[in-house]
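Report on one structure; see the data block that follows.
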Amino acid sequence: MNYEFALIGYPIKHSLSPWIHERFLKETELDGSYSIIEIDPTQSFEKAVEGLKQSSLNGFNVTVPYKEKIIPYLDEIDEQAKHIGAVNTVLCRDGKWIGYNTDGMGYMRALLNKYPEIANNKEQAVLLLGAGGAAKGILYALLHHGYEDITIANRSLERAKELARANNTIEVVSLEKAEAGLASFQLIIQTTSVGMKPYETEQIISMEKIDREAIVSDIVYQPLLTSLLKEAKTHGANIHFGHAMLLYQAQYAFEIWTEKRPNMASLEKQLKLELEG
Ligand code: ATR
């Protein structure tokens, strides 16, 4: 079998997904390719989808700005993607399109791989910074894994409240309050794009009051060592880089398409080197 995978989105010329999936294919000794299908938002999305339906793709990833737009064209959608309201992976099988969202679960896989001990500490206090699409996926995965003591801090409180509404164990605070009460959290997850190149000096909250035992995880991976992680490290806390999520959400997608789980042992280091240029 010769697998054909692709990524749709815009702009995606610099996406790392082909690099990752080509390595997965090699690692699992499967034949195939992964291409980039850039769909300009000024083009008709419907027409682009028609083209995809005619293609021989076995599966594709979906990124900005089509994660929600793709939903009406699916034949089926898994529960998680439905709940999140966004799809990043489509399986094309027997003429049907089935939508999934691997971001949140991919994130948890990455985190648990680096810090397996947190699986035994589900009562720890978690601080989620941000309330956008990425936060939604990660929140779903956290709840699915049994974490309940979750606080969401966001610039717009209304948006955070909306996200929390679905689950009454979740608290909402302002970014200022989160910063002041930082010492009470054991796991801090930064889910926004704050600190991403070319705004590397930006930081969503100060890490000054961080507990030294805490884990600080940032989903931004350009740069790898964001200013948030740098400050957390200076205070002796444990840190978790964003590229791991990118890799593990891709691993999960690859598994949906091929039913094979690529080994990640050397890939994480390779991707780190790739990102560091
Ligand atoms: P994504 O789908 O990538 O998560 P998004 O849905 O646009 O993107 O969400 C962006 C998140 O980053 C939101 O939590 C947003 O806060 P608001 O809801 O208040 O807009 C947050 N964000 C973006 N820029 C920010 C900034 N400069 N300071 C603080 N939060 C910011």
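Side chains included, hydrogens not; waters and symmetry mates left out as well; all remaining heavy atoms used. Just so it is clear, the structure is predicted and the values come from calculations on it, not from any experiment. Whatever order the structure lists them in is the order used to number ligands and atoms, beginning at 1.
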Quiz item: Without hydrogens or angle criteria, can the side chains of Ser266 and Glu268 be said to hold a donor-acceptor pair below 3.5 Å?
Solution: no
Self-check item: Where ligand 1 meets Ala131 - atom numbers and elements under 4.0 angstrom, heavy-atom basis
Solution: 14 (O)
Self-check item: Salt bridge present between Glu38 and Lys13 (N-O < 4.0 angstrom)
Solution: yes
Quiz prompt | Aromatic centroids of Tyr252 and Trp257 separated by under 6.0 Å | solution = no
Quiz item: Can we say Glu46 and Lys53 salt-bridge, meaning some charged N sits less than 4.0 Å from an Asp/Glu carboxylate O?
Solution: no
Exercise. Would you confirm whether any non-hydrogen atom of the protein falls under 4.0 Å from atom 2 (O) of ligand 1?
Key: yes
Exercise. For ligand 1, note which part of Arg159 has a heavy atom under 4.0 Å away: side chain, backbone, both or neither.
Key: side chain
Practice problem: Give the numbers and elements of all ligand 1 atoms closer than 4.0 Å to a heavy atom of Gly130. | Solution: 14 (O)
Practice problem: Ignoring hydrogens and angles, tell me if any N or O in the side chain of Asn61 forms a donor-acceptor pair with the backbone of Leu7 under 3.5 Å. | Solution: no
Quiz item: Atoms of ligand 1 less than 4.0 Å from Gly133 heavy atoms?
Solution: 1 (P), 2 (O), 4 (O), 6 (O)
Quiz prompt | Side-chain donor-acceptor pair present, Asn88, Asp103, cut-off under 3.5 Å | solution = yes
Exercise. Tell me which protein heavy atom sits closest to atom 27 (N) of ligand 1, plus the residue, atom name and distance to 0.1 Å.
Key: Arg155 NH1, 3.4 Å
Quiz item: For the residue pair Tyr73 and Phe45, is the inter-centroid distance of their aromatic rings smaller than 6.0 Å?
Solution: yes
Quiz item: When you measure from atom 9 (O) of ligand 1 to every protein heavy atom, which one gives the shortest distance, and what is it?
Solution: Gly132 CA, 3.3 Å
Exercise. Taking only heavy atoms of Ser156 into account, list the atoms of ligand 1 that are under 4.0 Å away from them.
Key: 18 (O), 19 (O)
Quiz item: To the nearest 0.1 Å, how far is atom 18 (O) of ligand 1 from its closest protein heavy atom, and which atom is that?
Solution: Asn154 ND2, 2.8 Å
Quiz item: Which protein non-hydrogen atom lies closest to atom 11 (C) of ligand 1, naming both residue and atom, and how far is it?
Solution: Thr192 CG2, 3.9 Å
